[in-house]
Visitor: 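Next up is a structure, given as structure tokens.
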Amino acid sequence: VVLVTGGASGLGEAVVRRAVAAGAKGVAIVDMSEEKATALALELGPTAVAMPTDITSPGQVSEAIQTTIDSFGRIDSVVSCAGIPWAQRTVDREGNPANLDAYRKVIEVNLIGTFRMIAACAAAMAGLEPATGDGARGVIVNTSSIAAQDGQIGQASYAASKAGIAGLTLPVARDLAPQGYHVTVFDGDTRALFCETICNPGGAISDNPRDSAAAAGTSLSCGSLVIELSFVGELCRWGGSRSPYGLVYTNMANLRYICR
């Protein structure tokens with residue numbers, strides 16, 4: 001049983017479709033858009049359930065988790081794809097400082113919302129029977145961004161939120177390891193989202209196309225992480241042409257290149 005935040009569009013939708021195609025017993029589509037989540041659930045059939053949820057609301061998050069357990073009996077995997085982009089310069093061309101309310105909103109949704117979902121799901125999953133005989137309780141996959149290491153003009157809030165997600169994954173993995181959780185973070189390249197509002201014409205960063213094929217490739221990698229339980233506390237990077245490597249992951253001791 002997989003719970004996917006931001007599951008009604010983009011990367012989240014691709015993960016949801018991948019999970020259903022792979023034979024998941026149940027998929028919870030957790031998303032702000034009730035219309036999109038409901039339409040996707042109806043398309044995919046009884047194994048998918050729409051759960052309109054604002055991940056900045058503790059009450060709504062708790063309700064979504066309980067509804068998933070009531071519907072399918074358990075939660076085995078949590079994939080956090082919910083997030084919002086925002087583009088603003090630290091000081092704009094008129095000399096005005098950045099809007100801190102907008103900055104705070106991005107942190108609240110992308111970083112705090114992700115951690116809220118991790119903690120709430122892990123607490124709920126702890127009360128369920130382990131998924132395997134060796135005590136494993138589930139897989140938690142977070143979504144960071146290439147912006148965490150290579151933020152572009154106007155991406156201060158977004159880059160900070162995604163760097164926070166990358167940074168929290170290892171300590172959270174260590175926190176939850178004794179209870180049988182696998183925790184990892186996936187680094188998807190979303191820089192093209194900011195081109196229209198920040199970059200000059202001709203300066204757009206478009207080395208990773210925002211199309212269904214790219215989303216499907218990313219969801220395939222996320223699916224592999226969930227199915228194989230192979231990376232724990234790792235940053236898994238899905239790079240565009242700016243990176244010479246297709247998928248890399250790192251740990252404290254070394255850097256290994258998986259695909260080239």
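Not measured: the values here are computed from a predicted model. Because only heavy atoms are used, hydrogens play no part in the values below, and waters and symmetry mates are left out as well, while side chains stay in.
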Visitor: Closest heavy-atom contact between Val61 and Ala120?
Guide: CG1-CB, 3.9 Å
Visitor: Tell me whether Ile55 is reachable from Trp86 by hopping between hydrophobic residues (I, L, V, M, F, W, Y) whose side-chain heavy atoms are closer than 4.5 Å.
Guide: yes
Visitor: Can you list the residues that meet the side chain to side chain contact (heavy atoms under 4.5 Å, CB included) rule with Ala8, with sequence neighbours excluded?
Guide: Ile29, Asp31, Lys36, Ala37
Visitor: Is a donor on one side and an acceptor on the other found under 3.5 Å between the side chain of Lys162 and the backbone of Ile146?
Guide: no
Visitor: Quick one: list whatever passes side-chain hydrogen bond (donor to acceptor under 3.5 Å, both in side chains) with Asp92, sequence neighbours left out.
Guide: Asn96
Visitor: Checking Val16 against Val2 for the side chain to side chain contact (heavy atoms under 4.5 Å, CB included) test, could you report, in this order, the C-alpha distance in whole Å, the side-chain angles of both residues, the deciding distance, and whether it holds?
Guide: CA-CA 8 Å; Val16 167; Val2 185; over 6 Å; no
Visitor: How many angstroms lie between OG1 in Thr143 and CG in Leu11, if you round to the nearest 0.5 Å?
Guide: 5.0 Å
Visitor: Ignoring hydrogens, what is the shortest heavy-atom contact between Asp150 and Gln155? Give both atom names and the distance.
Guide: O-OE1, 4.4 Å
Visitor: Give the minimum heavy-atom separation between Gly164 and Leu111, together with the two atoms involved.
Guide: C-CD1, 3.5 Å
Visitor: What residues, two or more places apart in sequence or in another chain, satisfy salt bridge (Lys or Arg N to Asp or Glu O under 4.0 Å) together with Glu94?
Guide: none
Visitor: Working to the nearest 0.5 angstrom, can you tell me the gap between Ile75 CD1 and Thr68 OG1?
Guide: 4.5 Å
Visitor: Check step by step if side chain to side chain contact (heavy atoms under 4.5 Å, CB included) holds for Met117 and Thr114.
Guide: CA-CA 5 Å; Met117 186 60 69; Thr114 293; 5.9 Å; no
Visitor: Which distance, rounded to the nearest 0.5 Å, do you find between the OG of Ser71 and the CD of Gln66?
Guide: 9.5 Å
Visitor: I need the minimum non-hydrogen distance between Arg74 and Glu129, along with the two atoms involved.
Guide: NH2-O, 2.7 Å
Visitor: Would you indicate whether the side-chain heavy atoms of Met32 and Thr53 approach each other to under 4.5 Å?
Guide: no
Visitor: Looking only at non-hydrogen atoms, find the nearest pair between Ser144 and Ala166 and report the distance.
Guide: OG-CB, 3.9 Å
Visitor: Does this structure show an ion pair linking Glu13 with Arg18, if we count only N-O contacts that are shorter than 4.0 Å?
Guide: no
Visitor: Taking the side chain as every heavy atom from C-beta outward, state whether Leu170 and Val172 have any pair of such atoms under 4.5 Å apart.
Guide: no
Visitor: Can you sort out the partners of Asn99 under side-chain hydrogen bond (donor to acceptor under 3.5 Å, both in side chains), two or more places apart, ordered by chain and number?
Guide: none
Visitor: Would you say the side chain of Glu43 lies within less than 4.5 Å of the side chain of Arg17, judging by non-hydrogen atoms?
Guide: yes
Visitor: Side chains of Val4 and Val30: does their closest heavy-atom pair fall under 4.5 Å?
Guide: no
Visitor: Would you indicate whether the side-chain heavy atoms of Ile140 and Leu176 approach each other to under 4.5 Å?
Guide: yes
Visitor: Side chains of residues 100-109: which donor-acceptor partners sit under 3.5 Å, not counting sequence neighbours?
Guide:
{"unit_1": "Asp101", "atom_1": "OD1", "unit_2": "Arg104", "atom_2": "NH1", "d": "3.0"}

Visitor: Report the distance from atom CD1 of Ile165 to atom CG of Asn142, rounding to the nearest 0.5 Å.
Guide: 6.5 Å
Visitor: How long is the span from the CG atom in Leu168 to the CD1 atom in Ile112, to the nearest 0.5 Å?
Guide: 11.0 Å
Visitor: How many angstroms lie between CD1 in Ile84 and OH in Tyr158, if you round to the nearest 0.5 Å?
Guide: 10.0 Å
Visitor: For Gly138 and Met125, work out which heavy atoms get closest and say how close.
Guide: CA-CE, 3.8 Å
Visitor: Apply side chain to side chain contact (heavy atoms under 4.5 Å, CB included) to Ser57 and list each qualifying residue two or more places apart in sequence or on a separate chain.
Guide: Asp54, Gln60
